[in-house]
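Naming convention: chains lettered A, B, ... in sequence-line order (proteins, then strands); numbering from 1 in each chain. Just so you know, these numbers come straight off a predicted model, no measurement behind them.
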Number of protein chains: 2
Amino acid sequence: MGTVSIRDVATRAGVSPGTISNVLNRPERVAPATRERVLRAIRELGFVRHGSASTLRAGHSRTVGLSVMDIGNPFFTDIAAGVEEAASELGYAVILGNSAGSRAKEERNLLVLAEQRVRGVLITPTDDDPARLDALRDRGIKVVLLDHPAHRPDQCSVTVNDITGGRLAVSHLLERGARRIGYLTGPRTLRQCVDRGKGAAGAVAAAGLDPDTVLDPIETPAMTAKYGQQAAERLLASGSLPEAIFCANDLLAVGMLRGLLQAGVSVPGDIRLIGYDDIDFAAASAVSLSSIRQPTHQLGRIATELLLDECDHPDTHAHQQVVFQPELVIRESTGGRRDPAEPRPEETR
Amino acid sequence: MGTVSIRDVATRAGVSPGTISNVLNRPERVAPATRERVLRAIRELGFVRHGSASTLRAGHSRTVGLSVMDIGNPFFTDIAAGVEEAASELGYAVILGNSAGSRAKEERNLLVLAEQRVRGVLITPTDDDPARLDALRDRGIKVVLLDHPAHRPDQCSVTVNDITGGRLAVSHLLERGARRIGYLTGPRTLRQCVDRGKGAAGAVAAAGLDPDTVLDPIETPAMTAKYGQQAAERLLASGSLPEAIFCANDLLAVGMLRGLLQAGVSVPGDIRLIGYDDIDFAAASAVSLSSIRQPTHQLGRIATELLLDECDHPDTHAHQQVVFQPELVIRESTGGRRDPAEPRPEETR
DNA sequence: AAGATTTGCTAACACGTTTTAATGGATGAG
DNA sequence: CTCATCCATTAAAACGTGTTAGCAAATCTT
């Protein structure tokens with residue numbers, strides 16, 4: 001019943017506690033025979049190493065933190081899956097925090113992670129303020145930014161070019177003839193929303209048109225399907241519909257689509273619609289959704305590999321800002337029919 | 001730079017380390033004036049309590065583990081959101097593990113949780129074997145089963161009646177005239193799949209028909225959209241289509257739907273389709289999906305409250321097996337049109 | 001065969017916090 | 001004024017592991 005400690009194992013195996021520690025952490029330093037004996041004792045006693053004691057003594061743990069903005073968004077769960085995969089390959093556990101877009105919640109989560117003395121943190125920050133992250137670094141906790149560019153050269157980040165993404169989406173809508181385009185965006189404090197908007201404006205300008213008259217931004221408090229549908233209702237109530245809508249993510253797009261269809265608006269007949277992220281459901285939604293694909297799983301995986309490289313090999317580690325390129329996926333919601341054969345996006349470092 | 005410890009704070013505030021500990025853990029035992037002085041010192045030095053040291057000394061942590069079968073399934077992320085919400089209200093952090101349906105992975109995750117000396121574990125087990133869970137209990141880690149009935153009376157569990165759910169789904173299909181019904185299910189090792197199948201058979205029997213001739217089970221290796229679509233392809237290749245299909249969860253249903261539509265099969269015209277879980281996307285899919293709704297968020301919340309009650313008040317804690325009742329939601333995929341007004345499901349304890 | 005090196009292990013301390021019993025000072029009762 | 005009571009605080013002993021210096025034995029070098 002009472003928890004079995006390293007000394008119990010030592011007694012059983014007829015060696016000293018230090019040897020047990022060696023077997024666990026530097027097996028090569030201990031003779032094969034003793035090692036076997038110790039491992040057997042561990043099995044027989046059902047010994048489980050006390051992570052806290054280990055962390056306390058060693059000064060660092062075998063865990064990393066992951067802070068995402070919305071655990072309900074498949075974009076982030078895909079990332080989380082990539083993170084978890086890479087972390088567990090390297091023997092690290094992942095503590096997941098959901099900031100739900102709230103800065104206060106993010107702060108609380110980071111405090112918990114700091115208390116747990118995680119080795120490092122992967123974070124999709126809710127805003128641009130580098131102060132909190134620098135505070136973590138000062139505590140010796142490595143930080144890698146996920147889907148957000150590093151604000152200093154000695155920091156790693158993994159992003160997807162959102163300006164390109166916005167450009168791809170809106171170029172596509174322009175190509176299909178739209179001249180009044182709504183931009184359904186989340187809070188302007190989110191870099192992703194701003195950048196995608198910039199890309200959108202860039203596409204309009206590149207077509208020789210005036211962004212201010214072509215693009216019509218609609219802002220929502222959060223990037224969820226619920227707010228997408230609300231936006232649809234407001235739009236319908238306003239009476240003036242654009243010819244196309246670019247949604248800053250697929251959840252907004254799914255909600256918007258639902259709102260439009262319920263009101264009898266035809267997509268893509270009356271309004272063309274494009275989303276962002278290419279979540280699994282985009283292809284399965286009422287009208288299959290054109291979208292901008294991002295290499296989500298890779299995003300999580302690479303970020304984790306960078307973080308753990310920095311943790312385990314701080315001397316040889318080279319800081320990197322990895323930028324992936326997004327890819328346009330055309331489906332019914334923009335009237336498109338181009339075969340969505342799927343070459344993997346190029347990675348540029 | 002170097003981490004600031006409780007003694008540094010003590011020195012600064014001109015008190016002993018023990019007093020700092022009291023301020024943090026039993027503020028009422030320390031005079032208001034000193035408390036203020038200590039809190040100021042903590043702020044000024046940027047002290048963050050060392051969770052591991054605390055855990056080591058106190059014998060237990062302020063964290064709980066959550067082990068789910070598929071983090072990519074909105075059903076589980078909804079649960080996770082409920083868990084996280086309830087846990088953080090009570091000052092606990094959540095360590096999330098994704099077993100991805102693999103027993104080995106689940107075992108690895110549980111080991112990590114045991115090493116971290118989590119206070120308790122919320123788990124949706126991948127199989128019925130109680131051994132691993134009993135092992136945790138023997139270590140003093142409380143266990144609450146999520147979406148799985150307790151196998152002993154001194155254990156808490158929170159479930160939704162899956163037999164009822166299966167019955168609701170198939171009764172509905174029978175009502176709509178179907179007499180050959182496919183049951184698209186995940187692995188038969190999953191209790192959920194078995195129970196929903198039982199409910200389905202029960203509904204057929206209750207209608208005076210023979211389950212063996214009416215129901216046609218199709219098993220997949222995992223309950224994902226991918227396998228749902230594969231099943232559709234196999235079904236189409238076989239040439240003999242049932243009149244309706246009951247899918248053991250919405251991901252399977254979404255995949256199945258996609259596969260059918262791509263092949264030009266009309267839903268609900270040629271085949272009626274119903275899923276399970278009523279994830280957000282069910283209402284938004286190509287043909288909106290009839291489904292069985294479960295109170296997911298509540299599931300996570302109640303389970304967490306039970307667990308933490310057991311942790312914090314072991315003496316007064318009463319073990320409970322909470323059973324929720326699922327609810328039929330009719331949409332286009334079964335040709336239904338009943339208004340989906342949504343009374344909340346009843347809770348029965 | 002004697003020194004030089006390597007190998008395999010031990011003993012003891014350190015990590016930062018919580019907790020216990022003990023201390024000192026203030027307060028109130030007699 | 002003394003004594004008992006109470007309160008805020010302290011000092012020191014844990015908690016279970018990792019690490020370091022060091023020692024004995026085994027192996028290698030001339």
Contacts of B/Ser61 meeting side chain to side chain contact (heavy atoms under 4.5 Å, CB included) (sequence neighbours excluded), chain-then-number -> B/Thr55, B/Thr63

Give the table of side-chain donor-acceptor pairs shorter than 3.5 Å for residues 72-82 of chain A, with sequence neighbours excluded, one pair per line with atom names and distance.
from	atom 1	to	atom 2	distance (Å)
A/Asn73	OD1	A/Phe75	N	2.9
A/Thr77	OG1	A/Pro74	O	3.0

With sequence neighbours left out, the residues meeting side chain to side chain contact (heavy atoms under 4.5 Å, CB included) with B/Arg132 are B/Arg103, B/Glu106, B/Glu107, B/Leu110, B/Thr126, B/Asp127, B/Asp129

Contact span of DNA chain C against chain A, any nucleotide atom under 4.0 Å from a heavy atom, 5' to 3', runs C/dG8 to C/dG16

Overall bend of the helix from C/dA1-D/dT30 to C/dG30-D/dC1 (five pairs an end, 10° steps) is 40°

inquiry  = Categorize B/Thr55 for me: base, sugar-phosphate, or nothing, with a 4.0 angstrom heavy-atom threshold over every strand shown.
reply    = nothing

Rounded to whole Å, the CG-P distance (A/Leu56 to D/dA14) equals 17 Å

So side-chain hydrogen bond (donor to acceptor under 3.5 Å, both in side chains) across residues 14-28 of chain B, not counting sequence neighbours, yields B/Ser21-B/Asn25, B/Asn25-B/Arg49

Residues passing the side chain to side chain contact (heavy atoms under 4.5 Å, CB included) test with A/Arg7, sequence neighbours excluded, are A/Ser5, A/Pro17

| task | Consider only side-chain N and O atoms of B/His148 and B/Asp128, and report whether a donor and an acceptor are under 3.5 Å apart. | result | yes

Residues at least two apart in sequence or cross-chain that pass ring pair (Phe, Tyr, Trp, His ring centres under 6.0 Å) with A/His151, listed by chain then number, are none

Sorted by chain and number, sequence neighbours left out, ring pair (Phe, Tyr, Trp, His ring centres under 6.0 Å) with A/His60 holds for none

Within residues 43-50 of chain A, those residues having any heavy atom closer than 4.0 Å to DNA chain C are none

Applying ring pair (Phe, Tyr, Trp, His ring centres under 6.0 Å) to B/His297 and not counting sequence neighbours gives none

Restricting both atoms to N or O, compile the protein contacts to nucleotides 19-26 of chain D shorter than 3.5 Å, with distance only.
none

